[in-house]
K.L.:
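Below are the structure tokens for one structure; questions will follow.
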Amino acid sequence: MSADPNRLPPPPLPQAGWALFFDVDGTLLDFAHTPEGVHVPGDLVDDLQRLHEALDGALALVSGRRIEDLDALFAPLQLPAIGLHGLQRRGPPGAGHAPPHELATVLAAARDLVAKYPGALVEDKGITIALHWRNAPVAEEPLHEFANSALIDLPGYGLQLGRDVIELRPDGHDKGDAIAALLDTGSFHGRLPVFIGDDFTDEHGFDEVNARHGISVLVGARAGSAATHALHDPAAVRAWLREAAFALAGEAAVT
Ligand SMILES: [Mg+2]
């Protein structure tokens, strides 16, 4: 991409008083054909660790994935993390959620449905179910219809629409709520929040940091985003993160 259609400026380099929140897929990592297929560059793990230390721990991952999956991807790092779009939190004590028993029936039906569309897939995240059609565009409409009808059997559940994915998940939690909760705790408290994300689900996070006069950074270009800044793609995010990690670690070393 040579120009940003949203015409948003790039974010400045992080300051020592910032709290950084990174979405993962499409933000730190390039998309792959399947959620398991993503590649985590070794340099990225080193840079995240350096930046996490330079910010005295005020760096968190904010993802639709489970925290266990994030730990596996970024091993040996175990960063503060918000998983399942806000349902899981590591940092403040998180409320435990158990999946309703009806979810197993919905999961089985979803697997039967995607079997008819080669390339479509069901992701079982324990308390949520994600239906992906990135590799099977014809499945978009039937998966939408399925998700809508499944809500009848899942009281308290709603739909979370992402890029080529729809997710059945408990209502009342989003990335913005989870960022707000983390900002009340430990090393995050009192810092300027900065959230970098790419998807529709990240807009809750953008709204939250904007309300706190923080910095919201959209990765790529998308109409209607509340973000105030932008970076072109995950490679640009990683380059920005790397420059920041070395700059802040250098500052920390001389002070
Ligand atoms: Mg994303």
Side-chain angles (χ1 to χ4, degrees), residues 1 22-45 48 61-79 81-88 90 99 103-148 150 157-170 174-175 196-202 205 218-222 231-238 241:
M1 240 193 295
F22 289 99
D23 169 58
V24 175
D25 294 272
T27 295
L28 288 177
L29 305 179
D30 296 292
F31 282 114
H33 287 303
T34 65
E36 299 77 32
V38 291
H39 170 64
V40 182
D43 286 354
L44 175 61
V45 175
L48 281 169
L61 302 177
V62 184
S63 177
R65 291 179 185 264
R66 284 177 293 206
I67 288 178
E68 306 90 281
D69 297 338
L70 298 175
D71 287 346
L73 280 175
F74 293 93
L77 268 187
Q78 289 203 347
L79 295 167
I82 292 162
L84 296 176
H85 302 288
L87 289 174
Q88 284 185 314
R90 179 167 61 208
L103 204 61
T105 312
V106 172
L107 181 63
R111 286 186 166 137
D112 288 346
L113 179 62
V114 300
K116 299 176 188 166
Y117 300 95
L121 62 92
V122 176
E123 190 182 2
D124 173 13
K125 301 189 189 181
I127 191 168
T128 82
I129 297 173
L131 307 169
H132 297 265
W133 60 84
R134 180 181 306 282
N135 303 319
V138 294
E140 176 173 357
E141 196 176 325
L143 289 181
H144 264 270
E145 284 175 9
F146 173 83
N148 274 301
Y157 269 60
L159 298 178
Q160 174 90 66
L161 185 64
R163 192 184 291 178
D164 300 325
V165 60
I166 194 165
E167 189 158 350
L168 290 149
R169 62 189 305 278
D174 61 42
K175 288 184 173 181
I196 300 124
D198 68 301
D199 210 339
F200 310 116
T201 58
D202 297 318
L218 176 67
V219 181
R222 180 161 45 70
L231 288 165
H232 288 322
D233 54 23
V237 175
R238 293 192 293 267
L241 191 158

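Keep in mind it's a predicted model, so treat the numbers as computed, not measured.
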K.L.:
Is the closest side-chain heavy-atom distance between Arg66 and Leu84 below 4.5 Å?
P.N.:
yes
K.L.:
I want to check something: taking the side chain as every heavy atom from C-beta on, are Gln88 and Leu70 in contact at a cut-off of under 4.5 Å?
P.N.:
no
K.L.:
Can you tell which of Asp112, Val106, Ile129, Leu113 makes a side chain to side chain contact (heavy atoms under 4.5 Å, CB included) with Val122?
P.N.:
Ile129
K.L.:
Any side chain to side chain donor-acceptor pair (under 3.5 Å) involving residues 117-129? Give me the pairs, sequence neighbours left out, ordered by first then second residue.
P.N.:
Glu123-His132, Lys125-Glu167, Thr128-Glu167
K.L.:
Look only at the side chain of Arg65 and the backbone of Pro35, and say whether a donor-acceptor pair between them is shorter than 3.5 Å.
P.N.:
yes
K.L.:
Let me confirm one number: the CG-CG distance from Asp164 to Leu131, rounded to the nearest 0.5 Å.
P.N.:
12.5 Å
K.L.:
What distance do Arg238 atom CZ and Thr27 atom OG1 have between them, rounded to the nearest 0.5 Å?
P.N.:
10.5 Å
K.L.:
Any side-chain heavy-atom pair from Leu121 and His33 closer than 4.5 angstrom?
P.N.:
no
K.L.:
Is any side-chain heavy atom of Leu28 closer than 4.5 Å to a side-chain heavy atom of Leu61?
P.N.:
yes
K.L.:
I'd like to know if Lys175 and Asp199 make a salt bridge, using a cut-off of under 4.0 Å between side-chain N and carboxylate O.
P.N.:
no
K.L.:
As an exercise, state the distance from CG of Leu241 to CG of Asp43, rounded to the nearest 0.5 Å.
P.N.:
11.0 Å
K.L.:
Could you check whether any side-chain heavy atom of Leu29 comes within less than 4.5 Å of a side-chain heavy atom of Leu73, counting everything from C-beta outward?
P.N.:
yes
K.L.:
For a 4.5 angstrom cut-off between non-hydrogen side-chain atoms, does Trp133 reach Val114?
P.N.:
no
K.L.:
Could you check whether any side-chain N or O of Arg134 sits under 3.5 Å from a backbone N or O of Val165, counting only pairs where one atom can act as donor and the other as acceptor?
P.N.:
no
K.L.:
Under 4.5 Å between any side-chain heavy atoms of Leu48 and Phe74, yes or no?
P.N.:
yes
K.L.:
Taking C-beta and beyond as the side chain, do Val237 and Phe22 meet within less than 4.5 Å on heavy atoms?
P.N.:
yes
K.L.:
As an exercise, state the distance from CG of Leu103 to CD1 of Ile127, rounded to the nearest 0.5 Å.
P.N.:
8.0 Å
